[in-house]
Amino acid sequence: MISKREYAARRKDLMSMMGDNSIAVIASAPEKVRSKDTLYPYKQSTNLSYLCGFAEPSAVMVLLPKRTQGEFILFCRDKDALRETWDGRRTGLLEAKNTLGVQDAFPIDDIEDILPGLLEDKSRVYYSAGKDKAFDSRLMHWVDEVRNNRTVEGRSSCEFVDLDHLLGELRLIKSAAEIKLMRKAADISAQAHCRAMKHCATGQKEYQLQAEIEHEFTMSGASGPAYTSIVGSGSNACILHYIENCATLKSGDLVLIDAGCEYQNYAADITRTFPVNGQFSAPQAALYDIVLAAQEAAINTIAPGITFDQANQAAISVITQGLVDLEILSGKVETLIAQGAYRDFYMHSVSHWLGMDVHDVGDYKVDNQWRVYESGMVLTIEPGIYISADNTQVDKKWRGIGVRIEDDILVTKKGYEILTDAVPKQRNQIEKLMA
Ligand code: GLY
Ligand code: MN
Ligand code: MN
């Protein structure tokens, strides 16, 4: 759990980066209609969750550094017995003040009357645009009105600044409490992958493995998957974001599962690839071992001070060499790397930040240079090789095989820690677990 004190410290850190005479406006995520009066499950904006943990829709938080009457204002829905009977409990203004560290709470319906006044003398508005078009245009309108009045009065204008950039910097380095939650998300997800390996059987459907995975998530206290689970058997594994999950598992095929849970707002992201019948064939084993070696080489680069690109280059180098050794590519390894020849078989990046979002916030480059790792960052390492079933350029035995191996890594002071190593990835360990 994230404590009230940690939320307050996050807001304080953000406000010290914003500087005086500025305001941050952080809106809740909009609700999404599935049909008529049925909604998709609600997912709060992770920026808002990060700053106060409030989980309800129709809320806007406002931060005003150095405002004497209070720096943290929340607009939210007030109590409403009838709506709560239909839609669920609401925190209400009073409770929000008592539990969230809010200094002033107002009904969301009053935002029109109050927020423009708060914008009036500010020179910078921090805001994360593009996530809720309706709220974007309301805020633009209020800021425009303030700007127009100022021109008349001859005062300076008001600048929009991207809030994601500042919050990205804060969210990139995980606190001890965040690491604890991420460890838990990683452990649950690792157990779920083990469960899928144990329950896998020829003739089952991909969605039945998905059910095994997601059963473990929910039974262990996770809120559910952090992203739509990918269960791709046979050549479906070559579709990077395959989510149909409806094919029958065939003996002799591999199955690729990319799934991770969300636990108290923090995500895990694991991929394992294993044989449906519990035994790797020789061509599957050959490709698998290259991906595993690439993943290990990439992970081994990680330490504070090392750049993001070094993991990528390590993976590319092992994959290219491996594909040459198997005569899937031909030519000099250095030339093939320079030409990007591996991209026909490995077409995504090796890594992304991980946190409250599966593809978490945070810049990958700073001043156009690859960002240097720091202790407390969490990232994935996930190389793969995917040989399309239609690729007539390669020997038939390779066609329709897709392999990805993905773990979640915490950068530590001395190097790294693999958060997801409770799920096996050596071939003999997988075969043993499945036997
Ligand atoms: N699960 C999406 C990814 O691995 O990036
Ligand atoms: Mn990933
Ligand atoms: Mn993944």
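Note that this is a predicted model, so its numbers are computed, not measured. Whatever order the structure lists ligands and atoms in, that order sets their numbers, starting from 1.
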Under 4.0 Å between a Lys/Arg side-chain N and an Asp/Glu carboxylate O for Arg427 and Asp289? yes
Please could you name the atoms of ligand 1 that Asp258 approaches to less than 4.0 Å, counting only its heavy atoms? 1 (N), 2 (C), 3 (C), 4 (O)
Count the heavy atoms belonging to other residues, nucleotides or ligands that lie under 6.0 Å from CE of Met347, then report whether that count exceeds 12. yes
How close does the nearest protein non-hydrogen atom get to atom 4 (O) of ligand 1, and which residue and atom is it? Glu382 OE1, 3.0 Å
Is it the case that over 12 heavy atoms from other parts of the model lie below 6.0 angstrom from the NZ atom of Lys365? yes
Looking only at N, O or S atoms, find the one in Asp269 nearest to the Mn ion (ligand 2) and name it. OD2
Would you call the rings of Trp353 and Tyr364 parallel, tilted or perpendicular if under 30° counts as parallel and over 60° as perpendicular? parallel
Interfacing atoms of ligand 1 (cut-off 4.0 Å, heavy-atom, Glu406): 4 (O)
Please confirm if an N, O or S atom belonging to His359, backbone or side chain, lies less than 2.8 Å from the Mn ion (ligand 2). no
Salt bridge flag under 4.0 Å for residues Asp87 and Arg77: no
Among the N/O/S atoms of Glu382, the Mn ion (ligand 2) lies closest to OE2
In this structure, does ligand 1 have an atom that sits under 4.0 Å from one of the heavy atoms of Asp269? yes
Cationic tip of Arg124 within the cone over Phe160's six-membered ring, i.e. under 6.0 Å and within 45° of the normal? no
How about Glu406: does one of its N, O or S atoms come closer than 2.8 Å to the Mn ion (ligand 3)? yes
Separation between CD1 of Ile381 and CD of Glu296, rounded to the nearest 0.5 Å: 12.0 Å
When you measure from atom 5 (O) of ligand 1 to every protein heavy atom, which one gives the shortest distance, and what is it? His359 NE2, 2.6 Å
Heavy-atom contacts under 4.0 Å between His241 and ligand 1: side chain, backbone, both, or neither? neither
